[in-house]
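One structure is given below, encoded as C-alpha cells.
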Amino acid sequence: MSSNFAPLQNDTFLKALLRQETDYTPLWLMRQAGRYLPEYRATRKGAGSFMSLAKNPGFATEVTLQPVDRYGLDAAILFSDILTVPDAMGLGLYFEEGEGPKFERPLKDEKDVLALQQPPAGSLQYVFDAVTQIRSALNGRVPLIGFAGSPWTLACYMVEGQGSREFHTVKKMLYQRPDLMHRILRTNADAVAAYLNAQIAAGAQAVMIFDSWGGALADGAYQEFSLKYMQDIVNQLQKEQDGRRIPSIVFTKGGGLWLEQIAAIGADAVGLDWTVNLGQARALVGDKVALQGNLDPAVLFAEPAQIRQQAIAALESYGQPAAGHGHVFNLGHGISQFTPPEAVSVLVETVHEHSRQMRQAGR
C-alpha cells in the first residue's frame, strides 16, 4: 500500500536522523499542530472536542498539515495523543476542559493489572487510517513522523488516572509491587512496538517515543522501569519500509543525566530537553546517534531579535556539522499554546538561514 505514496521531495530531516550530510539543519516542533495556531482552534471548534478531532482521520489530517502549510518545517508529525494505546486497552480516556487527560478506569490494584490486555484488533485503526491519509495529503512535501508514549509514561497515567506532579501512586506500586509494575510495562512495551510498526506500515517515515515522565524516576529506577522497556521497543521496530530506512527517536524529558545510556539502546536519534548543552551532548555521544533539540519553548515569547540570538546560540553550541553526525533542531519540549504564531516564523527562518551559513563557512 505505502509504495503508492508520492516520492519525497525534502528528505533533510531523515538524512539528519541517519547522520548523513545535509544542506542545512532541519527543524520541526513538538506539538507543532496545536492550540497556538488560530486555524487549529477553528478546526477544534468544528470537531467539538479533542477526541473527536484525534479520532477522525479527516480532522487529524487537516490539523497535521496546518503548521506545514504555514511554516517551512522539515517534517510533519501525526496529530494524535500518547494515551490512545491505554484508551484502546479499555481504560476510558477523556478530557476535561483545562485539566488535561484522565482515565475513567485506572489500574488501582492487582486485579486491574492482571486483567490488562493488549488493545483489541481494530481498536486503533483510526490512527493508522489517519497516518495513511496524512501521508497521501502531504504528497511528498516532507516526511511524516509517527509516535507513541513510552511504557513508563503511559503507566504513570494508567495508575495515577491523570497527570501528576508527585507520582505518589505509581511510585508506590513501583517500589511496593515491582512485579505488578513490570507486568504493566511489559504489556505497554509490546503494545507500543506493535502500534509503531502499524504506523510504519500505514506510511510513517520515522517514529518517536515520548518518555515525558522518565525524568521523575530515581537513578537506577529509570534504567529498570523506563529505559529497558524503550530498548525493548526499539529492538522490535521495523527498520525498513519500501526499501527506505525508518529512523527512530527516543526522548526522555529530564533525561540528560543518562544521555550516554539512552544513546546506547539502538535508536537513531536522542531528543534533548533545554537543560542539556548541545555541544557537550554531541561530545558525549559522538557519532553513535543524531541529536534532536533543544531550544527552551519560552524563548518564543521573546522579541524576534532575541529569538534569533537564542536559535543561533543553539546551532553554534551543537557546532559545525560533520559527516557521521546529525542534528535536528527542535524545542526542548512541546510548544506552548500561548506562543505567538509569528515567533515560529522567525525561528524557522533563522535556523534554516544560519545553519546554511555555518556549512558554507565550514567548507
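Note: hydrogens, waters and symmetry copies are ignored here, and every other heavy atom, side chains too, is used. The structure displayed is predicted, hence computed values, not measured ones.
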What pairs with H333 under side-chain hydrogen bond (donor to acceptor under 3.5 Å, both in side chains), at least two apart in sequence or on another chain?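 Not a single residue meets the side-chain hydrogen bond (donor to acceptor under 3.5 Å, both in side chains) criterion with H333.
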Contacts of R186 that satisfy side-chain hydrogen bond (donor to acceptor under 3.5 Å, both in side chains) - sequence neighbours left out: D190, D232
With a 6.0 Å cut-off on the ring centroids, do [X] and [Y] count as close?
{"X": "F147", "Y": "F210", "value": "yes"}
{"X": "F59", "Y": "F50", "value": "no"}
{"X": "F79", "Y": "Y40", "value": "yes"}

Between T84, D129, D87, which is the residue that forms a side chain to side chain donor-acceptor pair (under 3.5 Å) with K55?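 Among T84, D129, D87, the one that satisfies the side chain to side chain donor-acceptor pair (under 3.5 Å) with K55 is D87.
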Please determine if [X] and [Y] form a salt bridge, counting it only when a charged side-chain N lies under 4.0 Å from a carboxylate O.
{"X": "D112", "Y": "R105", "value": "no"}
{"X": "K171", "Y": "E166", "value": "no"}
{"X": "R177", "Y": "D179", "value": "yes"}

Regarding [X] and [Y], is there a side-chain donor-to-acceptor distance under 3.5 Å anywhere?
{"X": "H182", "Y": "E224", "answer": "yes"}
{"X": "H327", "Y": "Q292", "answer": "no"}
{"X": "D74", "Y": "T12", "answer": "no"}
{"X": "D219", "Y": "W258", "answer": "yes"}
{"X": "T350", "Y": "Q309", "answer": "no"}
{"X": "S52", "Y": "S49", "answer": "yes"}
{"X": "T25", "Y": "R356", "answer": "no"}

For M173 versus L107, what's the shortest heavy-atom pair and its separation?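 Closest heavy-atom pair between M173 and L107: CE-O, 4.2 Å.
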All heavy atoms of M158 vs all of M89, minimum pair found to be CE-SD, 3.8 Å
Determine whether L27 and N330 satisfy the following criterion, side chain to side chain contact (heavy atoms under 4.5 Å, CB included), listing intermediate values before the conclusion. CA-CA 6 Å; L27 174 146; N330 208 313; over 6 Å; no
Sub-3.5 Å donor-acceptor pair from the side chain of N294 to the main-chain atoms of V276, do we have one?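 Yes; at least one donor-acceptor contact below 3.5 Å.
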With distance as the sole test, does K228 use its side chain to make a donor-acceptor pair with the main-chain N or O of Y222 at under 3.5 Å? no
Nonpolar side-chain network containing L114, other nodes, edges under 4.5 Å: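 Other cluster members: none.
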Student check: side-chain heavy atoms of I233 and Y229 closer than 4.5 Å: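 Not in contact.
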Within 6.0 Å of CZ in R35, more than 12 heavy atoms from elsewhere: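 No, CZ of R35 has 12 or fewer neighbouring heavy atoms, counting only those of other groups under 6.0 Å.
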